[in-house]
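Take a look at the structure below.
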Amino acid sequence: MQTEGRSRHFIYTDWILTETQFDPDQLHSKETVFTIGNGYLGTKGSFEEGYPHALPATFINGVYDDVPVVYTELANCPDWLPLVVIVNGESPTETLRERFRLDQGEILRYDRQLDLRYGLLSRYLRWRSPSGKTIDIHFERFASLADQHVLAQRCHLTPVDFDGLIEVQGSINGYPENQGFNHWEGLDQGKTDQGIWLQRRTRHSRIELGMGATMRISGAEASLQVSTAPGYPTLSTTYLAKSQQTVTVEKIVTIFTSRETETPVSAAIEKLAHLPDYATLLKANQQAWDEIWQQSDILIEGDSTAAFAVRYNLFQLLIAGARHDDRVSIPAKTLSGFGYRGHIFWDTEIFMLPFFLFTQPAIARNLLSYRWHTLPGARRKATHYGYKGAMFAWESADTGDEVTPRWALGNDFYGEDVRIWCRDREIHINADIPYAAWNYWQTTGDDEWMQQRGAEIILDAAIFWGSRVEFNSERQKYEIRGVIGVDEYHEFVHNNAFTNRMAQWHLEKAIAVYDWLAQKFPERATELEQKLKLTPEERTHWQDIIAKILFLHDPSTELIEQFEGFFQLEDINLADYEGRDRSMQAILGIEKTNKYQVIKQPDILMLLYLMRESADFPYNEKALQTNWNYYAPRTDITYGSSLGPAVHAILASDLSRSAEAYEVFMQALMVDLEDNRGNTSDGIHGATAGGVWQAVIFGFGGIQLTENGPVANCHLPDGWTRLKFKLHWQGKWHDFDLHKGQVTSLRSEFKIQNSKFKINYPHK
Ligand code: IFM
């Protein structure tokens with residue numbers, strides 16, 4: 001049975017998002033929402049025919065090029081979308097040529113649909129031209145999941161009330177821009193028997209790109225013309241259209257870069273020559289998507305908006321995760337926008353990765369291997385700052401060198417520029433990446449990856465901590481001073497509990513990995529000892545840090561101080577600011593915010609969440625309750641970071657605060673569909689999408705990982721009657737089909753008695 005939800009902007013059915021009205025004011029956010037892709041590239045939902053101020057964009061993962069201030073960015077690639085329809089007069093001599101576009105004439109029907117099941121974007125239009133000719137136009141496009149180098153478009157054209165000439169032009173636009181900056185230099189272009197091709201190269205990184213395009217027409221007699229306007233090769237066809245008769249135009253595009261082949265243009269031309277028709281390509285694409293959804297789908301019954309929107313968030317992750325490339329990761333804004341310039345943050349490992357880990361482990365492995373490939377950059381960063389080992393970039397791109405901009409430029413003529421300190425101080429990422437690598441290993445049992453790649457990540461990043469901590473002889477404690485924690489509202493703090501505990505946890509695991517390696521793969525252990533200059537003294541040093549690192553924790557109440565002096569800061573009652581539409585930092589300013597107990601995103605609570613599977617400090621029921629009571633009311637959850645709401649949803653759910661959990665969950669869930677932070681035009685919030693998956697699985701599904709596999713202890717929100725999904729764990733699929741109040745894992749039939757707080761991953 002199909003269910004339907006509605007919002008201000010959309011109709012949601014199980015798999016299909018429908019927009020029934022075009023609103024030019026939302027042009028850019030909707031370009032993001034209707035992004036399609038296949039893990040190799042992402043293409044925004046811009047219109048085939050163009051629109052004033054539109055920002056069409058296609059990002060191929062890994063295709064970075066230099067740019068001032070932010071160092072490097074994903075280069076917007078030549079646009080494969082242009083498909084222009086021109087309604088001519090009744091004879092070739094008649095001069096009236098009316099180009100279909102939505103800012104002219106009259107829109108009599110408009111439906112834009114994204115079918116998540118197959119990654120298919122379509123538009124159904126009835127348009128009356130300024131001179132009164134009415135035509136039905138149905139566009140369709142997909143980026144093939146079956147073959148990542150193939151992109152396909154189809155257009156059905158049916159004149160409603162006229163006979164006459166119709167011209168269709170399909171082009172590749174070789175002049176794409178990144179906010180006014182063109183990364184491409186033209187190398188060559190041409191035509192073949194099959195169509196047109198274009199060769200471009202990025203200006204600095206010198207990545208070559210080859211594209212080919214062909215067009216086919218059915219339902220009318222027509223020939224193809226080729227025009228090779230510089231940088232804008234075009235195929236066009238003109239036919240005599242008859243009222244009520246449908247003609248179909250297909251445009252197929254192939255695309256390669258020198259990241260995959262030495263001869264991208266030849267590869268594109270060669271592939272084009274051997275491709276079947278659109279319908280066959282579509283079928284292969286559908287089969288590929290069927291397989292993906294079999295593993296990754298979540299079925300929700302009883303809440304049609306959530307049912308669709310959860311799938312929407314998963315879809316956005318699935319089209320961003322590389323299947324065939326382990327040298328790329330997923331940028332914070334996925335492959336769907338210019339925001340953060342395609343840079344990669346902890347968002348990937350901590351928020352997005354778990355979804356892949358439990359449903360598409362091969363993609364998880366690729367994402368983590370990206371960090372292994374970028375270790376040389378992380379080592380350069382450590383050396384630059386005077387530390388040892390690997391210091392992962394806060395913002396990373398192709399090489400792993402730090403690419404966080406030093407300054408954010410002020411908008412107003414006389415305002416100050418803002419120094420961005422995250423590159424220097426937000427170092428918790430150095431434990432977040434090893435945390436993800438360890439969890440990958442524990443969840444998959446992939447010893448091969450661990451010994452070849454994971455161990456090097458974990459050990460070299462641990463060496464960094466060994467050189468970064470400072471021993472305070474008065475306190476007889478190790479400290480980590482001068483950091484930014486997860487809560488970025490406080491920019492220079494000492495002994496942030498999240499950073500200290502994650503570093504400690506990391507060192508514990510580094511020792512476990514080191515010992516495991518020495519026992520199971522002694523040659524690799526020796527190799528790494530030599531390469532990383534890893535000595536027995538270093539191991540002893542790690543043990544000492546583990547034993548003596550400082551935590552500001554009151555064991556009688558379990559309250560943890562977020563960092564030294566946090567409790568002395570001026571307190572704040574966020575309720576006094578009710579009705580605001582901005583973050584507290586925007587209201588108070590950076591300086592003043594630093595002085596208040598107001599938090600941008602869960603920090604202590606994030607730590608409790610990440611440590612929930614660990615038997616020891618600081619996760620226990622009392623700690624969760626106490627710290628929730630203290631920190632949740634001081635967190636700028638709605639206007640601070642978009643990473644916060646999903647985490648609050650999970651913890652609120654654990655604390656049986658169901659209504660609250662659902663409320664914040666919906667903030668995360670609808671962040672892009674409803675553009676509830678007003679910045680969807682910058683791209684999809686990838687971390688939020690990953691957080692949504694975790695909130696459903698670990699929050700509402702109550703999944704815990706026991707020695708016998710994942711077990712559910714669900715607490716479904718009101719209205720949810722069913723929650724169904726599967727998880728891959730230790731080489732087996734575990735199916736869950738949950739109904740309110742149920743405690744079960746279908747496959748393992750394993751029941752638990754409230755053992756939530758004492759569960760360990762199986763140790764190697
Ligand atoms: O990584 C996040 C950070 O935690 C909060 N600011 C935005 C970044 C990118 O999403």
Side-chain angles (χ1 to χ4, degrees), residues 32 70-71 73-74 313 316-317 320 329-355 367 371 392-397 402-405 408 418-433 435-436 483-491 493 496 498-499 502 562-563 582-586 590 593-594 598-607 609-610 631 635-648 667-668 671-672 676-692 694:
T32 298
V70 293
Y71 308 102
E73 66 183 357
L74 276 183
N313 280 279
Q316 288 298 340
L317 292 172
S329 180
I330 304 182
K333 298 288 183 187
T334 68
L335 300 173
S336 63
F338 298 95
Y340 292 123
R341 313 296 185 121
H343 295 178
I344 294 134
F345 296 65
W346 73 313
D347 302 35
T348 314
E349 282 77 15
I350 296 299
F351 289 85
M352 303 181 221
L353 191 116
F355 163 66
L367 294 173
R371 293 296 188 176
F392 282 105
W394 176 245
E395 292 184 30
S396 181
E402 181 59 74
V403 292
T404 308
V418 177
R419 177 69 160 87
I420 302 175
W421 291 107
C422 305
R423 59 181 295 127
D424 317 87
R425 300 179 187 159
E426 197 155 357
I427 55 174
H428 62 79
I429 190 166
N430 236 57
D432 304 334
I433 293 167
Y435 177 90
V483 301
I484 298 179
V486 175
D487 158 30
E488 295 170 340
Y489 278 173
H490 298 93
E491 293 188 316
V493 304
N496 163 243
F498 183 95
T499 308
M502 287 295 284
Q562 189 178 296
F563 54 77
R582 285 171 296 158
S583 73
M584 286 309 295
Q585 195 182 51
I590 293 175
T593 308
N594 264 292
V598 58
I599 301 162
K600 179 176 174 182
Q601 64 200 87
D603 190 314
I604 294 296
L605 295 178
M606 185 75 202
L607 176 65
Y609 171 54
L610 294 187
Y631 288 105
T635 307
D636 196 1
I637 204 71
T638 306
Y639 298 104
S641 164
S642 62
L643 279 60
V647 177
H648 268 206
Q667 284 181 21
V671 69
D672 291 314
N676 62 26
R677 284 174 189 258
N679 60 359
T680 292
S681 54
D682 292 342
I684 291 290
H685 293 78
T688 315
V692 161
Q694 296 188 54

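We number each residue from 1, following the sequence as shown. Order of listing sets the numbers, starting from 1, for every ligand and every atom in it.
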Could you check whether any heavy atom of [X] sits closer than 4.0 Å to an atom of ligand 1, since that is the contact criterion I want to use?
X      : answer
Phe351 : no
Lys600 : yes
Lys333 : no

Per the ring pair (Phe, Tyr, Trp, His ring centres under 6.0 Å) rule, which among Phe498, Tyr435, Phe392 passes with His428?
Phe498
Which ligand 1 atoms, with their elements, are less than 4.0 angstrom from a heavy-atom of Trp394?
1 (O)
Atoms in ligand 1 with a heavy atom of Trp346 nearer than 4.0 Å:
1 (O), 2 (C), 3 (C), 4 (O)
Looking at Glu488, His343, His428, the heavy atom closest to atom 6 (N) of ligand 1 belongs to Glu488
Would you call Glu395 and Arg341 a salt bridge, taking side-chain N to carboxylate O under 4.0 Å as the test?
no
Is it the case that the side chain of Tyr631 and the backbone of Gln562 share a donor-acceptor pair, with hydrogens and angles ignored and the cut-off at 3.5 Å?
yes
Under 3.5 Å donor-acceptor, Ser336 side chain and Ile684 backbone
yes
Ligand 1 versus His685: contacting region, heavy-atom distance under 4.0 Å
neither
Side chain, backbone, both or neither: which applies to Val486 and ligand 1 if a contact is any heavy-atom pair less than 4.0 Å apart?
neither
Interatomic distance, Thr638 atom OG1 to Arg582 atom CZ [nearest 0.5 angstrom]:
15.0 Å
Distance, nearest 0.5 Å, that separates CD1 of Ile350 from CD of Gln694
8.5 Å
Describe, in one word, how the ring planes of His490 and Phe563 are oriented to each other, choosing from parallel (under 30°), tilted (30 to 60°) and perpendicular (over 60°).
tilted
Would you check the N or O atoms of Glu426, main chain and side chain alike, for any that come under 3.5 Å of an N or O of ligand 1?
no
What protein heavy atom sits nearest atom 7 (C) of ligand 1, and how far off is it?
Tyr340 OH, 3.2 Å
How far is atom 9 (C) of ligand 1 from its nearest protein heavy atom, and which residue and atom name does that atom have?
Asp347 OD2, 3.3 Å
Residues Asn313 and His685: side-chain donor-acceptor under 3.5 angstrom:
no
